[in-house]
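Structure record follows, encoded as structure tokens.
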Number of protein chains: 2
Amino acid sequence: MREFKRRSRVLLIDDNADHLRGVKELITLESSYDVVGTTTSANIGINLAKKYRPDIILMDINMPEKDGLQAIQEIEKLDMDIRVIALSGYDDADLIFRAMKIGAKGYVLKTMASAQLIYAMDEVAAGKIYLPTALTSRFFEYFQNSFKEEAKSSSEENLLTYLTAREEEVLDLLTQGNNYKSIAGKLFISETTVKTHVNNIFQKLQVNDRTQAVLYALNNGFANRRLSKIAV
Amino acid sequence: MREFKRRSRVLLIDDNADHLRGVKELITLESSYDVVGTTTSANIGINLAKKYRPDIILMDINMPEKDGLQAIQEIEKLDMDIRVIALSGYDDADLIFRAMKIGAKGYVLKTMASAQLIYAMDEVAAGKIYLPTALTSRFFEYFQNSFKEEAKSSSEENLLTYLTAREEEVLDLLTQGNNYKSIAGKLFISETTVKTHVNNIFQKLQVNDRTQAVLYALNNGFANRRLSKIAV
DNA sequence: GAATTTATCAATCCAAAGATGTAGGACAAA
DNA sequence: TTTGTCCTACATCTTTGGATTGATAAATTC
């Protein structure tokens, strides 16, 4: 049996009309994709996306009017299996990171060879995620850096380590928003005992109240150390 | 002037003695790297790392005795500019993600061609981060998935949107551990006014006390502290 | 211009949180 | 055995937090 592969449909969004034309021509001539629409406006682009349901969107993310990243986010929220490839003039690590974070399936520099753009589209059309090697490297540097600080703060002398097992239990319940009575009930001890523990926790963490204790815990790798911080 | 490039020094850690021998031979014969040590024990490997200060470590992360990931973490903590490449039998997304998160400079499958291992070493020796394309794709799928949930919870009807500008200011100060008096001082308003705002915040966020309000804010993408969750 | 929302402040009252001191029993280490 | 730590508990007291009601002025919206 022969499988007919439907030609993939592409929508182009780029506020630079010249570049837009260039990319359209490139795709039309040198690839097997159908350009179903082009626009210089992110907002119009989002509407076109809803209307034409393209397989792929090439989205310029350096637009003044509306942030391309935001546009990607809105398209992702549609949850329509539209794959967005970010087009950018900058190989800025932060930009790459944010684009990938919000769901871009690829990130290609405008300065890259046209063949690379087509290749990225092929990969993304095939369901993969594509980042040029150089950008991947940048991404990972950024990615790893964002964890370094955390690694330090949670490995360096952490006041949390001074807590006893029971105190950790109490703190855990505190970080879930429980008050004294609630904690006492859950641990089957008296409320006054809970107060004693909480007071000891305050002393050890050098804080003044439960809110500060909770914040300290969350910012220093408490909660099973399952939560990680990434600045966005 | 001629620049002499020092031969890079490599340490091999792999609990499988056979594979260890194989890799050593491969590197010795087909590359310009010096193998300065080999061991089947992660713990010994860490000590060898301290002693010989290799440029690169090839670390098997599928070891029963001690977790290779943990070993990588300990080596990273040494902060000695030793670049670790994870060797693994599995292209499991979670494994890849965790390895890269803790600072591995590369991740190579044992089943991959030897040329790819050498290439990875070259890249890493040059200061880059290397992941085979196929694994990069897997990594990103995992990466993006871990943000999907969050995107939903912060885009879906978020009670935070009902707050007025002033209430947001107050909540922001709450999430920094301030009490009424402190907030009043910082906003130059009376304490009772702060109480009014805070009460309104409680109503809108449907919580009972400041701790719960702070937790709600942090878990729902409140302003400044855009903390993201990633399961580790 | 009227109606609504927002920000401000006050008084009052009760509940909850927090500080401090004391103390007994369990348990482990010295 | 003694020492120390931890968990438990109570009493007392002060402070802070939070609920409720009501009120005024300014800004916004209709």
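Computed from a predicted structure; not experimentally measured. Within every chain, numbering begins at 1; the chains are lettered A, B, ... in the order of the sequence lines, protein sequences first and strands thereafter.
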**Message:** Going by the rule salt bridge (Lys or Arg N to Asp or Glu O under 4.0 Å), which residues pair with A:R21 if we only count those two or more places apart in sequence or in a different chain?
**Reply:**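 Counting only residues at least two positions away or on another chain, A:R21 forms a salt bridge (Lys or Arg N to Asp or Glu O under 4.0 Å) with A:D18.
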**Prompt:** Quick one: salt bridge (Lys or Arg N to Asp or Glu O under 4.0 Å) partners of A:K195, sequence neighbours excluded?
**Reply:**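 Applying salt bridge (Lys or Arg N to Asp or Glu O under 4.0 Å) to A:K195 gives none.
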**Message:** Between B:D14 and B:K110, does any side-chain N to carboxylate O distance fall below 4.0 Å?
**Reply:**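 Looking at B:K110 together with B:D14, the answer is yes, because their closest N to O distance falls below 4.0 Å.
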**Request:** Indicate whether OP1 or OP2 belonging to C:dA19 is found under 4.0 Å from a side-chain N or O atom of A:N199.
**Result:**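 For A:N199, the contact criterion (side-chain N or O under 4.0 Å from OP1 or OP2 of C:dA19) is met.
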**Prompt:** Looking at residues at least two apart in the chain, or sitting in another chain, which of them share a side chain to side chain contact (heavy atoms under 4.5 Å, CB included) with B:I44?
**Reply:**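 So B:I44 forms a side chain to side chain contact (heavy atoms under 4.5 Å, CB included) with B:T39, B:S41, B:L48.
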**Request:** Not counting sequence neighbours, which residues clear side chain to side chain contact (heavy atoms under 4.5 Å, CB included) with A:D92? List them please.
**Result:**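 Applying side chain to side chain contact (heavy atoms under 4.5 Å, CB included) to A:D92 gives A:Y90, A:D94, A:L95.
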**Message:** Does A:R210 qualify as a cation-pi partner of A:Y180, given the criterion of NZ or CZ under 6.0 Å from the six-membered ring centre and within 45 degrees of its axis?
**Reply:**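 Judged by the rule, A:R210 and A:Y180 form a cation-pi pair.
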**Message:** Output one letter per nucleotide in nucleotides 4-17 of chain C: B when a protein non-hydrogen atom lies under 4.0 Å from the base, S when only the sugar-phosphate is that close, - when neither is.
**Reply:** --SSBBB------B
**Asked** Less than 6.0 Å separating the ring centroids of A:F140 and B:Y107?
**Response**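 Ring-ring flag for A:F140/B:Y107: false, centres at least 6.0 Å apart.
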**Message:** Using five pairs at each end of the helix from C:dG1-D:dC30 to C:dA30-D:dT1 to define an axis, what is the angle between those two axes, to 10°?
**Reply:**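 For the helix from C:dG1-D:dC30 to C:dA30-D:dT1, the axes at either end differ by 50°.
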**Message:** For A:K24, I'd like to know if atom NZ has over 12 heavy atoms of other residues, nucleotides or ligands within 6.0 Å.
**Reply:**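 No, the 6.0 Å shell around NZ holds no more than 12 heavy atoms from other groups.
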**Asked** Between C:dG21 atom P and A:Q203 atom CD, what is the distance in whole Å?
**Response**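 So the two atoms are 11 Å apart, to the nearest Å.
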